[in-house]
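Quick note: numbers below take in every heavy atom, side chains included, and nothing from hydrogens, waters or symmetry partners. Residue numbering restarts at 1 for every chain, and letters A, B, ... go by the order of the sequence lines.
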Amino acid sequence: MHLTEQERIRRSSLQELKRRGIEPYPAAAYPVTHRSRSLADAFEEGVEVSLAGRIMSRRIMGKASFAELQDGEGTFQLYLNRDVLCPDEDKSLYNDVFKKLLDRGDFVGVKGVTFLTQTGEQSIEVRELTVLAKSLKPLPAVKVDEDGKVHDAFTDPELRYRMRYVDLVVNPQVRATFEARSTVIRTIRETFDAKGWLEVDTPVLQAIPGGAAARPFITHHNALDIPLYLRIANELYLKRLIVGGFEGVYEFSRNFRNEGMDRTHNPEFTVMELYVAYKDYLWMMEEMEQLLAKVAHRLHGTHKVTLAGNEIDFTPPFRRVTMRDAILEHTGVDIDGLDEAGLRAACEGLGIETDASMGKGKLVDELFGEKCEHHYIQPTFITDYPVEMSPLTKAHRSKPGYTERFELMINGTEVANAYSELNDPIDQRERFESQLKLAERGDDEAMFIDQDFLRALEYGMPPTSGVGIGIDRLVMMLTNQTSIQEVLLFPQMRPEVFATGPDLGALEAAGVPAEWAPHVAAAGFETVEDLASIKPAGLREKLNGFRKKNKLDLPALSLEDVESWMTNA
RNA sequence: GAUCUCGUAGCUCAGCUGGUUAGAGCAUCUCACUUUUAAUGAGAGGGUCCUGGGUUCGAGUCCCAGCGGGAUCACCA
């Protein structure tokens with residue numbers, strides 16, 4: 001294994017700690033009395049404290065040193081004085097262990113007494129120092145100067161996402177984003193629980209991927225020998241629970257869609273879906289206004305949030321615009337009364353590409369998506385979607401051809417989608433059948449018919465309103481992030497390829513003498529496959545050349561030697 | 001999937017129209033230093049210039065292919 005100089009030094013420090021009888025990875029719990037931020041907030045001098053965390057920096061000045069200890073809350077300054085830490089003759093804990101054998105990134109526990117330095121910095125004078133875990137790889141050396149400017153920032157997105165653990169250690173704002181994410185989810189959960197709604201779990205593996213229009217991931221169940229789909233939505237299951245008599249159910253659902261990835265899409269993402277009986281989409285709009293205002297206020301202490309240079313105001317009520325008016329306003333096209341041909345002509349007149357698989361719903365969707373969506377920066381409910389693009393939504397109470405649906409747009413992006421749920425089983429069956437026709441026309445995202453769901457509706461579902469909130473996007477909106485990868489701890493990445501290194505055992509098994517195997521690998525033939533990729537004569541020539549160049553104390557190889565390995569390979 | 005763009009030390013980055021032994025700051029190592037805070041001062045080590053081809057007397061630099069990332073687009077929430 002290739003180690004950098006810094007890694008080799010840390011490993012030798014590790015061995016030296018062990019040699020001195022200091023366990024670098026002790027098993028025992030370390031008793032902690034305080035943590036950094038709460039200690040700073042209620043600071044008093046002369047208090048005995050015990051903290052644990054990572055050493056994030058050291059400023060060594062001979063017989064005294066300062067260090068930054070980073071724990072789960074933040075950082076706190078340590079002051080280590082040689083003669084305080086080591087009051088007896090033996091000064092090795094300070095001189096050797098702290099100054100030489102410990103590094104930035106190591107976990108330690110300290111016991112000591114709080115005090116203020118001459119410059120007024122809250123500090124702990126360390127009386128006891130315990131090694132808790134040695135770090136063998138150096139952390140990126142991020143520094144912040146007195147103006148708050150960050151130097152040598154760890155910013156490479158690939159490294160940050162692949163090694164989120166490092167990102168979290170050195171970039172406090174990243175930790176803050178994920179704490180905010182947790183606060184968003186917790187606030188929603190507390191709000192819903194207080195209203196008596198039930199948090200439920202429904203299947204992730206589904207035989208029919210329903211509830212949304214998207215391409216699913218397919219897997220296979222061996223015992224049943226059937227294909228199963230990772231859920232693209234949980235909507236149909238939650239509605240079954242409303243049929244079953246629960247009056248309010250919600251689920252934070254990890255959904256999976258086998259589609260593109262970009263700064264607003266990840267193959268797996270989180271939607272909070274809520275269904276409440278005896279309500280409609282008008283009620284749901286008010287409910288969402290109150291919820292988002294509460295979440296924003298919990299995070300920021302205000303309803304006004306900065307996002308990508310805009311101030312987003314979550315103060316209720318939010319603006320409401322019908323889909324028809326939105327399209328009329330931004331394109332001059334009145335979709336009311338237009339048939340499929342008319343819509344297609346309107347799209348093409350605006351430079352929107354269409355194809356034969358697109359029905360009325362899809363065409364309206366294109367008009368809105370291309371020409372309107374990005375205009376809605378402030379929270380806005382877009383309401384009353386055409387029936388063709390909403391197969392699970394109840395027909396509008398007074399506008400024929402439309403449904404009782406809204407989407408909440410923030411910063412030009414859809415954050416929530418809600419309906420007065422379709423509970424007429426006959427209408428629902430017809431909607432599914434028209435989806436089937438779309439599928440026959442080539443729309444590979446048209447919904448499957450879920451016969452069991454239809455049966456459930458036939459038993460009767462009360463009037464219900466449902467909503468799905470894109471949690472990842474909502475967190476983006478509330479934490480001023482423009483990439484979904486910044487709000488997912490482990491965003492999807494192409495799998496990393498690790499250098500496997502030479503397989504000496506396999507080389508020897510193929511007949512390569514043990515004394516030759518490392519040299520064969522060093523010459524570039526690391527695996528049996530590598531051996532098989534070249535003619536014996538060529539291999540012999542290269543290896544003997546390598547032997548001569550590196551003055552190996554080994555007999556030259558004969559063609560027979562090499563041929564015998566190849567036969568075994 | 002398409003287009004553009006990037007890949008140089010542990011980290012952040014220079015490296016000109018191709019030209020000696022590839023540089024800087026931080027980090028690391030050695031020494032000094034008892035209230036510092038981007039600690040300081042002196043010295044030292046550290047490189048598969050992403051990989052593989054090609055052009056050339058000569059490639060980190062130019063060309064081709066590949067791998068990986070980012071951005072834009074398509075699909076989508």
Side-chain angles (χ1 to χ4, degrees), chain A residues 2-10 12-13 56-68 75 77-85 94 99-100 103-105 115-123 125 136-162 166 170 212-215 232-233 253 255-271 353 362 365-366 369-370 373 407-409 413-417 443-445 468-474 476 482-485 493-497 499 524:
Chain A
H2 175 259
L3 294 176
T4 64
E5 180 193 28
Q6 294 188 41
E7 289 173 307
R8 285 195 300 272
I9 288 164
R10 283 172 182 238
S12 80
S13 297
M56 290 306 285
S57 72
R58 291 184 302 163
R59 296 181 287 279
I60 296 172
M61 288 159 292
K63 297 185 186 66
S65 300
F66 290 92
E68 292 298 323
T75 63
Q77 174 163 283
L78 307 179
Y79 172 68
L80 297 98
N81 181 301
R82 185 192 69 182
D83 297 322
V84 171
L85 185 61
Y94 179 77
K99 280 172 68 174
K100 296 195 192 302
D103 291 288
R104 185 181 142 76
F115 75 107
L116 286 172
T117 64
Q118 287 174 3
T119 53
E121 180 80 11
Q122 298 174 351
S123 306
E125 184 181 66
L136 296 181
K137 285 172 104 52
L139 290 166
V142 181
K143 288 196 168 184
V144 183
D145 67 20
E146 52 192 26
D147 301 328
K149 197 175 163 207
V150 179
H151 298 260
D152 300 329
F154 181 60
T155 55
D156 183 328
E158 173 173 13
L159 295 176
R160 287 184 47 232
Y161 301 152
R162 288 198 193 281
V166 173
V170 302
R215 280 194 293 275
I232 56 175
S253 171
N255 293 348
F256 304 84
R257 299 191 184 174
N258 203 341
E259 283 157 355
M261 294 161 56
D262 60 32
R263 65 179 204 286
T264 56
H265 298 85
N266 193 69
E268 54 182 292
F269 62 105
T270 302
V271 173
E353 284 184 32
K362 193 86 180 167
D365 199 27
E366 288 291 319
E370 288 295 314
E373 195 171 66
E407 290 193 357
L408 174 60
M409 312 298 304
T413 306
E414 178 197 339
V415 173
N417 181 17
D443 185 343
D444 56 2
E445 289 170 353
I469 301 175
I471 293 295
D472 311 297
R473 288 185 176 179
L474 177 61
M476 286 167 64
T482 52
S483 163
I484 197 170
Q485 295 171 308
M493 302 280 280
R494 192 178 293 274
E496 192 172 358
V497 178

Need the pair for B/U56. Rule: Watson-Crick or G-U wobble, both distances under 3.5 Å, any strand; none if unpaired. none
Listed partners of A/Ser12 passing side-chain hydrogen bond (donor to acceptor under 3.5 Å, both in side chains), at least two apart: none
Between B/G68 atom P and A/Met261 atom CE, what is the distance in whole Å? 12 Å
Rounding to a whole Å, what distance do you find between A/Asn81:CG and B/U35:C1'? 10 Å
For RNA chain B, whose closest nucleotide is more 5', that of A/Lys100 or that of A/Asn417? A/Lys100
So, for A/Leu80 and A/Ala67, which heavy atoms are closest and what is the spacing to 0.1 Å? CD1-CB, 4.2 Å
What verdict does the side chain to side chain donor-acceptor pair (under 3.5 Å) test give for A/Tyr79 and A/Ser65, after you've listed the backbone C-alpha separation in whole Å, the side-chain angles of each residue and the deciding distance to 0.1 Å? CA-CA 6 Å; A/Tyr79 172 68; A/Ser65 300; over 6 Å; no
Step by step, would you call A/Phe269 with A/Phe256 a ring pair (Phe, Tyr, Trp, His ring centres under 6.0 Å)? CA-CA 7 Å; A/Phe269 62 105; A/Phe256 304 84; 8.4 Å; no
B/C64 to B/U3 separation - P atoms, rounded to the nearest Å: 13 Å
Can you figure out which of B/A77, B/C29, B/G68 approaches the side chain of A/Asp103 most closely? B/C29
Would you kindly check whether a donor in the side chain of A/Asp262 faces an acceptor in the base of B/C73, or vice versa, at under 3.5 angstrom? no
Tell me what A/Arg263 touches on the nucleic acid: a base, only sugar-phosphate, or nothing, going by heavy atoms under 4.0 Å. sugar-phosphate
When you check the gap from the basic side-chain N to the acidic O, do A/Lys362 and A/Glu366 get nearer than 4.0 Å? no
What interatomic distance, in whole Å, is found between P of B/G7 and the corresponding atom of B/C11? 15 Å
Taking only the side-chain heavy atoms of A/Phe154 (C-beta and beyond), determine which of B/G68, B/C11, B/A74 contains the nearest atom. B/C11
Pick the nucleotide of RNA chain B nearest each of A/Glu407 and A/Thr155; which residue has the one closer to the 5' end? A/Thr155
Using the P atom as the point on both nucleotides, what is the distance between B/A14 and B/C50, in whole Å? 14 Å
B/G15 and B/A71, which share atom name P, separated by this distance in whole Å: 24 Å
P-based separation of B/A65 from B/G46 [nearest Å]: 37 Å
For the student: nearest non-hydrogen atoms of A/Asp262 and A/Ile484, plus distance: O-CG2, 3.9 Å
Grab the CG-P distance between A/Asp156 and B/C11 for me, whole Å please. 9 Å
Looking at B/G45, does its base get a donor-acceptor pair with the side chain of A/Glu5 below 3.5 Å? yes
What is the distance, rounded to the nearest whole Å, between atom CZ of A/Arg160 and atom C1' of B/C6? 17 Å
Across all strands shown, which nucleotide pairs with B/U61 by Watson-Crick or G-U wobble geometry, both distances under 3.5 Å? none
Close side-chain approach of A/Leu116 to A/Gln122, heavy-atom, < 4.5 Å: yes
A/Asp83 has its side chain closest, among B/U12, B/U34, B/U36, to B/U34
With sequence neighbours excluded, tell me which residues meet side-chain hydrogen bond (donor to acceptor under 3.5 Å, both in side chains) with A/Glu68. A/Arg59
By the 4.0 Å heavy-atom rule, please label A/Gln485 as base, sugar-phosphate, or nothing. sugar-phosphate
Counter-base of B/G47, judged by Watson-Crick or G-U geometry with both distances under 3.5 Å: none
Select one nucleotide: of B/U36, B/A27, B/C73, the one nearest the side-chain heavy atoms of A/Phe66. B/U36
For B/C16 and B/A27, measure between their P atoms and round to the nearest Å. 28 Å
Report the distance from atom OH of A/Tyr161 to atom C1' of B/G68, rounded to the nearest whole Å. 15 Å
Euclidean distance, atom CZ of residue A/Arg10 to atom C1' of B/A27 [Å, nearest integer]: 9 Å
For B/U20, which nucleotide is its Watson-Crick or G-U wobble mate, given both distances must be under 3.5 Å? none
Among the nucleotides B/A77, B/U28, B/C11, which one has an atom lying closest to any side-chain atom of A/Ile9? B/U28
Check: protein-nucleotides 37-40 of chain B nitrogen or oxygen pairs below 3.5 Å:
{"from": "B/U37", "atom 1": "O4'", "to": "A/Arg59", "atom 2": "NE", "distance (Å)": "3.2"}
{"from": "B/U37", "atom 1": "N3", "to": "A/Glu121", "atom 2": "OE1", "distance (Å)": "3.4"}
{"from": "B/U37", "atom 1": "O4", "to": "A/Thr119", "atom 2": "OG1", "distance (Å)": "2.4"}
{"from": "B/A38", "atom 1": "O4'", "to": "A/Val144", "atom 2": "O", "distance (Å)": "3.3"}
{"from": "B/A38", "atom 1": "N1", "to": "A/His151", "atom 2": "ND1", "distance (Å)": "2.8"}
{"from": "B/A39", "atom 1": "OP1", "to": "A/Lys143", "atom 2": "NZ", "distance (Å)": "2.9"}
{"from": "B/A39", "atom 1": "OP2", "to": "A/Arg59", "atom 2": "NH1", "distance (Å)": "3.3"}
{"from": "B/A39", "atom 1": "N6", "to": "A/Ile60", "atom 2": "O", "distance (Å)": "2.7"}

Donor-acceptor pair, side chain of A/Arg104 and main chain of A/Pro140, under 3.5 angstrom: yes
Any donor-acceptor pair, under 3.5 Å, between the side chain of A/Glu414 and the base of B/A77, if you only look at N and O atoms? no
Check the distance between B/U8's C1' and A/Leu159's CG and give it to me in whole angstrom. 14 Å
Expressed in whole Å, how much space separates the P atoms belonging to B/G45 and B/U35? 32 Å
Worked verdict on A/Arg10 versus A/Lys137 for side chain to side chain contact (heavy atoms under 4.5 Å, CB included): CA-CA 8 Å; A/Arg10 283 172 182 238; A/Lys137 285 172 104 52; over 6 Å; no
Can you tell me if A/Gln6 touches the phosphate of B/A9, counting only side-chain N or O atoms and a distance under 4.0 Å to OP1 or OP2? no
Rounded interatomic separation in angstrom, taking CZ from A/Arg162 and P from B/C50: 17 Å
Identified pairing partner of B/U35, criterion: Watson-Crick or G-U wobble below 3.5 Å: none
C1' atom, B/U61 versus B/A74: distance in rounded Å? 35 Å
In the structure shown, which nucleotide is the Watson-Crick or G-U wobble counterpart of B/U5, with both distances under 3.5 Å? B/G69
For B/G25, the Watson-Crick or wobble counterpart (both distances under 3.5 Å): B/C11
Select base, sugar-phosphate, or nothing to describe what A/Asn266 touches, counting heavy atoms under 4.0 Å on all strands. base
